[in-house]
There are 2 protein chains.
Amino acid sequence: MVAQRGRRNGAAAHKRTRGGATPDADNAPTAEIPAVAENGADPEVRAKSIPEAAVARLAVYLRILSAMAEQGATTVSSEELSTAAGVNSAKLRKDLSYLGSYGTRGVGYEVAVLVGQIERVLGLTRQHKVAVVGIGNLGHALANYGGFPGRGFPVEALFDIDPDLIGVPVGGIPVTHLDDIPQVCADRQISIGVIATPPAAAQTVCDRLVEGGVQCILNFAPVVLQVPEHVEVRKVDLAVELQILSFHVARRADNEPNGKVAESTVAGNGAVLQS
Amino acid sequence: MVAQRGRRNGAAAHKRTRGGATPDADNAPTAEIPAVAENGADPEVRAKSIPEAAVARLAVYLRILSAMAEQGATTVSSEELSTAAGVNSAKLRKDLSYLGSYGTRGVGYEVAVLVGQIERVLGLTRQHKVAVVGIGNLGHALANYGGFPGRGFPVEALFDIDPDLIGVPVGGIPVTHLDDIPQVCADRQISIGVIATPPAAAQTVCDRLVEGGVQCILNFAPVVLQVPEHVEVRKVDLAVELQILSFHVARRADNEPNGKVAESTVAGNGAVLQS
DNA sequence: GCCGCTTTGTGCCTGCGTTCACAAATGAAC
DNA sequence: GTTCATTTGTGAACGCAGGCACAAAGCGGC
Ligand SMILES: NC(=O)c1ccc[n+]([C@@H]2O[C@H](COP(=O)([O-])OP(=O)(O)OC[C@H]3O[C@@H](n4cnc5c(N)ncnc54)[C@H](O)[C@@H]3O)[C@@H](O)[C@H]2O)c1
Ligand SMILES: NC(=O)c1ccc[n+]([C@@H]2O[C@H](COP(=O)([O-])OP(=O)(O)OC[C@H]3O[C@@H](n4cnc5c(N)ncnc54)[C@H](O)[C@@H]3O)[C@@H](O)[C@H]2O)c1
């Protein structure tokens with residue numbers, strides 16, 4: 001299949017296919033925010049541009065901080081929080097600095113303030129309604145999972161193509177037919193669509209979600225989705241995860257061509273005590 | 001030149017806490033391979049050092065190539081494959097160049113060769129046995145999923161703490177009790193452990209897996225795991241994924257402080273014709 | 001009120017990852 | 001055999017992210 005010849009790539013590179021987010025370390029494009037300068041909507045908050053990698057970590061910090069708050073902690077130091085999150089303390093401080101300056105030198109950060117600020121930046125001050133499409137093995141697990149509603153992501157619609165499933169409640173919500181995706185999503189103001197259908201159906205489902213006004217898609221099907229520019233896609237590809245792990249095993253095996261497997265490297269427990 | 005006081009990074013960088021892989025765009029540390037120079041084990045293959053980000057993409061290319069092979073394709077150009085994978089063609093070629101030079105200039109790549117080479121580099125030439133711990137909603141889905149065995153990752157052990165589950169076969173494999181993790185993993189040469197237990201149990205389960213000689217862990221529980229240095233952890237945190245999506249929605253909303261929601265931006269199909 | 005201790009916030013440097021652009025290689029046509 | 005069209009492979013430039021180290025900033029003790 002040699003296909004298209006002719007044109008070098010004069011206008012080629014433009015066709016940003018968009019959509020297929022590489023499984024993991026992609027999303028490089030630093031979340032740009034054109035410095036909304038005027039528009040005094042947000043008072044003192046000058047939402048700079050936060051690196052995508054930092055956003056991912058902020059979500060982790062938020063979970064840890066919430067847990068700390070529940071246990072009664074009122075302040076944390078960057079050292080504390082960073083070890084709990086498994087990152088460098090300098091990196092943590094830099095990440096927090098994207099929020100603004102909410103720490104007290106010599107003391108640390110106030111847990112409640114930090115929680116509030118991270119929620120603000122991540123847009124968690126309002127709820128984001130979620131729809132799950134494909135109520136099979138995985139879809140059932142997602143629909144039943146309590147961790148989403150608890151964090152501001154209520155699941156408010158379920159879809160499938162299987163007639164036997166239509167109308168059956170899963171996790172308290174009845175399953176609707178695939179064809180109603182656009183309608184229902186628009187009606188219920190769904191903002192996040194989760195795709196857990198077989199790969200072959202994923203693109204079609206995706207198109208309908210977009211049609212229904214869904215702005216974000218979390219895709220579990222191992223396919224690269226095509227979406228319009230204003231829609232954000234993230235992919236969770238478990239097979240890829242396993243293959244990355246496999247790579248590391250192989251690499252390690254190559255590096256130590258000693259005994260066979262060297263199993264029983266029990267190493268006691270991995271208590272990374274300090275540093 | 002600011003002189004640089006004190007040790008630049010002489011021996012500092014060691015304190016790597018290791019373990020808690022940030023949810024997403026982390027794993028930066030370019031998979032180092034000390035250039036095994038001698039040791040003629042692998043004939044012509046000089047396993048260089050492949051960037052982690054590239055490894056993730058290679059796994060995606062592999063899936064696409066496999067599908068193409070099934071449809072009878074024998075060769076592909078970088079242009080074709082790159083659009084299918086949703087990446088830049090230059091990036092694709094660079095990624096493939098980490099494998100060695102297996103393309104034919106003016107023609108393209110032979111699908112079969114590429115598949116073989118990627119499998120070799122990812123360590124997929126041998127099987128990696130998988131164990132799943134925590135056979136709840138998610139664990140059931142994972143245990144039943146056919147996509148893993150089909151890709152060289154046979155699930156060969158299931159564990160849970162629930163007495164009602166012990167002995168019950170799920171996806172053809174009976175569930176074993178938690179306590180037997182070290183024994184069973186060692187016996188069956190499990191190399192990858194998947195954790196799908198409640199967060200509170202994750203660290204304990206992780207320790208036992210390590211005790212059983214498991215080298216890689218895929219963690220679904222929203223906690224940061226502590227592991228010894230020789231164990232590789234990857235985390236799949238769905239709440240974090242949703243929060244990253246939320247961030248993008250919020251960001252976009254901030255940028256366009258026009259009408260309310262501007263829904264119905266159906267935009268027909270996402271054919272991003274030209275830049 | 002001053003001093004010293006602690007912890008934040010950040011400037012700077014380094015290194016990885018992405019992208020461009022082009023030389024080299026190859027096959028086909030004549 | 002030469003030339004042309006095509007596509008690979010990669011050197012080099014660039015931009016982002018990570019990490020160090022220190023100045024600035026509070027707090028508490030004396
Ligand atoms: N189960 C896992 O652990 C796992 C792991 C990795 C990836 N995945 C991926 O997740 C997706 C779902 O996996 P699963 O195990 O739940 O599969 P499944 O077969 O159990 O469920 C698929 C569901 O989608 C429904 N469906 C089929 N066609 C549809 C369509 N056109 N529109 C809407 N719904 C449709 C089916 O009725 C079924 O309920 C697959 O793409 C799979 O590759 C699953
Ligand atoms: N279900 C989802 O869609 C989803 C989404 C995101 C994250 N998660 C995470 O995945 C994990 C599992 O989720 P789930 O919905 O399957 O939960 P679940 O409650 O359905 O299943 C948990 C299973 O773990 C078992 N278990 C409890 N303690 C254990 C222990 N000490 N050792 C071994 N097994 C033990 C339970 O018996 C149960 O079978 C949780 O950490 C959850 O936060 C789940």
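Labels below follow one simple rule: chain letters A, B, ... track the order of the sequence lines, proteins then strands, and each chain is numbered from 1. Bear in mind that the values here come from a model prediction, so they are computed numbers and not experimental data.
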Original post:
Ignoring hydrogens and geometry, is there a side-chain-to-backbone donor-acceptor pair from B/S246 to B/L242 under 3.5 Å?
Top reply: no
Original post:
Quick check: does any side chain N or O of B/R57 sit under 3.5 Å from a backbone N or O of B/D95, one acting as donor and the other as acceptor?
Top reply: no
Separation of [X] atom [atom1] from [N] atom [atom2], in whole Å?
| X | N | atom1 | atom2 | answer |
| --- | --- | --- | --- | --- |
| B/K91 | C/dT18 | NZ | P | 5 Å |
| B/L81 | D/dG9 | CG | C1' | 15 Å |
| A/L92 | C/dT8 | CG | P | 8 Å |
| A/E79 | D/dG19 | CD | P | 14 Å |
| A/I50 | D/dA17 | CD1 | P | 11 Å |
| B/L96 | D/dT8 | CG | P | 9 Å |
| A/L99 | C/dG9 | CG | P | 10 Å |
| B/E52 | C/dC16 | CD | P | 13 Å |

Of the non-hydrogen atoms in [X] and [Y], which two are nearest, and what is the gap between them?
| X | Y | result |
| --- | --- | --- |
| B/D207 | B/Q226 | OD1-O, 4.2 Å |
| A/R120 | A/L99 | NH2-O, 3.4 Å |
| B/I192 | B/H128 | CD1-CB, 4.1 Å |

Considering only side-chain heavy atoms of [X], which listed nucleotide, [options], is closest?
| X | options | answer |
| --- | --- | --- |
| A/Y109 | D/dC20, D/dT8, C/dG9 | C/dG9 |
| B/K94 | C/dG17, C/dT19, D/dG19 | C/dT19 |
| B/V107 | C/dC22, C/dT10, C/dG27 | C/dG27 |
| A/S77 | C/dG17, C/dT10, C/dT8 | C/dT8 |
| B/R105 | C/dA23, D/dG19, D/dT10 | C/dA23 |
| A/R93 | D/dG9, C/dT8, D/dA12 | C/dT8 |

Original post:
Would you say D/dT8 has OP1 or OP2 under 4.0 Å from some side-chain N or O of B/S78?
Top reply: yes
Original post:
Mapping B/A90 and A/G106 to their closest nucleotides on DNA chain C, which lands nearer the 5' end?
Top reply: A/G106
**OP:** Between A/T104 and B/D95, just flag the one whose closest nucleotide in DNA chain C comes earlier from the 5' side.
**Re:** A/T104
